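First the structure, in the form of structure tokens, and then the observations on it.
It should be emphasised that the depicted structure is a prediction, and the values quoted were computed from it without experimental measurement. Chain identifiers are assigned alphabetically (A, B, ...) following the order of the sequence lines, protein sequences preceding nucleic acid strands; residue numbering begins at 1 within each chain.
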2 protein chains.
Amino acid sequence: MYDLILKNIARFIQLTPEETDRFTSVLKPRTLRKRQYLVQAGDVFRYECFVNKGSLRTYHVDNNGQEHIVMFAFEDWWTGDMYSFLSGQPALYNVEALEDVELLLIEKSQLEQLYIDIPKFDRFFRVLLQNAYISMQRRISDNMSLTAEERYLDFINRYPHFEQRLSQKQIASYLGITPESLSRIRRQMAGKN
Amino acid sequence: MYDLILKNIARFIQLTPEETDRFTSVLKPRTLRKRQYLVQAGDVFRYECFVNKGSLRTYHVDNNGQEHIVMFAFEDWWTGDMYSFLSGQPALYNVEALEDVELLLIEKSQLEQLYIDIPKFDRFFRVLLQNAYISMQRRISDNMSLTAEERYLDFINRYPHFEQRLSQKQIASYLGITPESLSRIRRQMAGKN
DNA sequence: CGTCTATTTGAATGTACTCAAAAGCGGTGG
DNA sequence: CCACCGCTTTTGAGTACATTCAAATAGACG
């Protein structure tokens, strides 16, 4: 049950056996069925979540009722609502299971105590966030620099295995276009081959 | 010279006088004149940079030669090229002074030693990055959810003091639109009052 | 099987873009 | 100090890419 998360952490820090026990003791397993919500915008959500199995989407609903996917989370990724976690304010985003999901949750006050007891976890999350920062910066510049078709090509090249597990509607929403537009882009691309 | 950066750090961690000395000893002051580059895409850049005075823009040049501003940095903000800093690979972005600038730089190997000697700095940058994460997520969803006019309104409401220091061309580039479009949006808005 | 959702396709629309040119503004050097 | 040069901003005309709305088809799930 803890294999994947311990490997995830071992990428950046080494834990002693005692520290490993201490860490796993704060993890709360949780499962969600497809289409269940981990977070609904407006709720306070005080957990950081590691995805052990399955996939989720984090999305925002705009003033016109349109949904926009801000991020996906698959096995071996972390998710949640950072704003609500940090501020204690209502969450900005919805996080919904796209498949049946197994999660490991860390509650805020327990994570804060963990940071105090084992400062290596400050380091771990620092490094994790540095990598997230790079990805998000890239997402921002890609959204400004690339056409819809280029963004789609980039997506399927970078995440070929995930693409298969997502509907076109979800991918379109992540790319910032309508499902109709993505369908047309795919038709065009098929014609080119 | 170190007042602003020490206050910046004191937002999240407390340093002893010795730790403060240790920290300031790794800071390298650097000044740039308006239009000088801190980083050029393609260079390796191994510094994290605190802006003591002035402003900079981080931008990306796309395949058509168009520039897109990924972030601004003003007094009391941090900047650099996280990708190059972390990976040692050539920088993805250009960072250019928009005004005369005073910076405090921390070299990578010195920061790594600082993390080891004073783990509180792991914590400091973790918290800093959490806040950056929230901002960037918001930027991504705003870019997908809002019209150009709404993004402009949001920008001038959130950064009214910075707006005055930026040309419309820079703001347009940050908002992901052309200067012509921003000019038209402003004309429209003026008509509404 | 039947229902609900996703995908495709078409037609009309719209928002922002490109290209072009004029006007405005700021900085620099004579 | 003024004149000039270059860059920014404005404005117009035409265009392109993606959208909306609508409807048909395909596919998934109970």
Side-chain angles (χ1 to χ4, degrees), chain A residues 32-36 54-55 57 59 61-69 72 96-100 142-156 162-193, chain B residues 33-36 55 57 59 61-69 72 96-100 142-156 162-193:
Chain A
L32 293 175
R33 307 283 288 280
K34 184 172 176 169
R35 248 159 281 188
Q36 279 189 310
S55 58
R57 64 178 182 135
Y59 70 91
V61 182
D62 73 18
N63 295 331
N64 298 319
Q66 301 270 17
E67 297 179 359
H68 303 279
I69 295 180
F72 293 114
E96 182 200 20
L98 294 172
E99 302 170 306
D100 290 354
D142 281 358
N143 278 338
M144 293 197 293
S145 304
L146 304 179
T147 64
E149 177 171 350
E150 290 168 329
R151 294 202 298 281
Y152 177 61
L153 278 167
D154 189 60
F155 183 83
I156 60 180
F162 297 143
E163 186 229 350
Q164 298 159 13
R165 291 162 61 183
L166 298 167
S167 67
Q168 287 179 217
K169 189 186 173 186
Q170 307 298 346
I171 295 172
S173 175
Y174 179 85
L175 297 176
I177 59 178
T178 58
E180 293 94 329
S181 291
L182 181 54
S183 175
R184 282 183 249 268
I185 285 165
R186 287 165 52 87
R187 182 174 43 160
Q188 295 258 319
M189 284 171 47
K192 285 181 187 168
N193 299 336
Chain B
R33 306 284 288 279
K34 185 172 176 168
R35 249 158 279 185
Q36 279 189 309
S55 58
R57 63 177 182 137
Y59 70 92
V61 182
D62 74 19
N63 295 331
N64 299 319
Q66 301 271 16
E67 297 179 359
H68 303 278
I69 294 180
F72 293 114
E96 182 200 20
L98 294 172
E99 303 169 306
D100 291 353
D142 281 359
N143 279 337
M144 294 197 292
S145 303
L146 304 179
T147 64
E149 177 173 351
E150 289 169 329
R151 294 201 299 278
Y152 176 61
L153 279 167
D154 189 61
F155 183 83
I156 61 179
F162 297 144
E163 187 229 349
Q164 298 159 12
R165 289 162 62 182
L166 298 168
S167 68
Q168 287 179 217
K169 189 186 173 188
Q170 306 299 345
I171 295 172
S173 175
Y174 179 85
L175 297 177
I177 60 178
T178 58
E180 293 94 330
S181 291
L182 181 55
S183 176
R184 280 183 250 268
I185 285 166
R186 287 165 52 87
R187 182 173 42 160
Q188 295 259 318
M189 285 171 46
K192 285 181 186 168
N193 300 336

A:Gln170 side chain near C:dA6 phosphate (N/O to OP1/OP2, under 4.0 Å):
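Checking C:dA6 against A:Gln170, no side-chain N or O comes under 4.0 Å of OP1 or OP2.
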Could you tell me the separation between the CG atom of A:Leu182 and the CD atom of A:Gln170, rounded to the nearest 0.5 Å?
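CD of A:Gln170 is found 11.5 Å from CG of A:Leu182.
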Starting at [atom1] of [X] and ending at [atom2] of [N], how long is that distance when rounded to a whole Å?
X	N	atom1	atom2	result
B:Asn64	C:dT18	CG	P	8 Å
B:Arg187	C:dA22	CZ	C1'	14 Å
A:Gln168	C:dT9	CD	P	11 Å
A:Glu163	C:dT7	CD	P	11 Å
A:Gln188	C:dT9	CD	C1'	13 Å
B:Glu149	C:dA16	CD	P	9 Å
B:Asp62	C:dC17	CG	C1'	13 Å
A:Ile171	C:dT8	CD1	P	11 Å

Say whether, by atom type as modelled, one donor and one acceptor occur between the side chain of B:Ser173 and the main chain of B:Ile69 under 3.5 angstrom.
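Here the side-chain-to-backbone pair exists.
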Indicate yes or no for a side-chain donor-acceptor contact from B:Asp100 to the backbone of B:Arg33 under 3.5 Å, with no hydrogens or angles considered.
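No: the side chain of B:Asp100 does not pair with the backbone of B:Arg33.
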Shortest non-hydrogen separation from B:Leu146 to B:Arg151 and the atoms involved:
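In terms of heavy atoms, the two residues are closest at O-NH1, 2.9 Å.
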Decide whether A:Tyr152 and A:Arg186 meet the rule of one side-chain donor and one side-chain acceptor closer than 3.5 Å.
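Yes, because at least one side-chain N or O of A:Tyr152 sits under 3.5 Å from a partner of the opposite role on A:Arg186.
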Near-ring test A:Tyr174/A:Phe155, centroid separation under 6.0 angstrom:
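Between A:Tyr174 and A:Phe155, which both carry aromatic rings, the centre distance is below 6.0 Å.
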Which sits closer to the 5' end of DNA chain C, B:Arg35 or B:Leu182, going by the nucleotide each is nearest to?
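Going by which nucleotide is closer to the 5' end, it is B:Leu182.
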Angle by which the axis turns from one end of the helix from C:dC1-D:dG30 to C:dG30-D:dC1 to the other, five pairs per end, to 10 degrees
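So the angle between the two local helix axes works out to 50°.
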May I ask you to test the [X]-[Y] pair for a side-chain heavy-atom distance under 4.5 Å?
X	Y	answer
A:Lys169	A:Pro179	yes
A:Leu153	A:Met189	yes
A:Asp154	A:Glu150	no

Just to be sure I understand the rule, does [X] reach a base, reach only the sugar-phosphate, or reach nothing, if contact means heavy atoms closer than 4.0 Å?
X	answer
B:Ser167	sugar-phosphate
A:Ser181	base
A:Lys34	sugar-phosphate

For DNA chain D, note the earliest and the latest nucleotide, 5' to 3', having some atom under 4.0 Å of a heavy atom belonging to chain B.
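For DNA chain D, the relevant span reads D:dT8 to D:dA13.
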Quick one: on DNA chain D, does B:Arg184 or B:Lys169 contact a more 5' nucleotide (nearest heavy atom)?
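Mapping each residue to its closest nucleotide by heavy atoms, the 5'-most match is B:Lys169.
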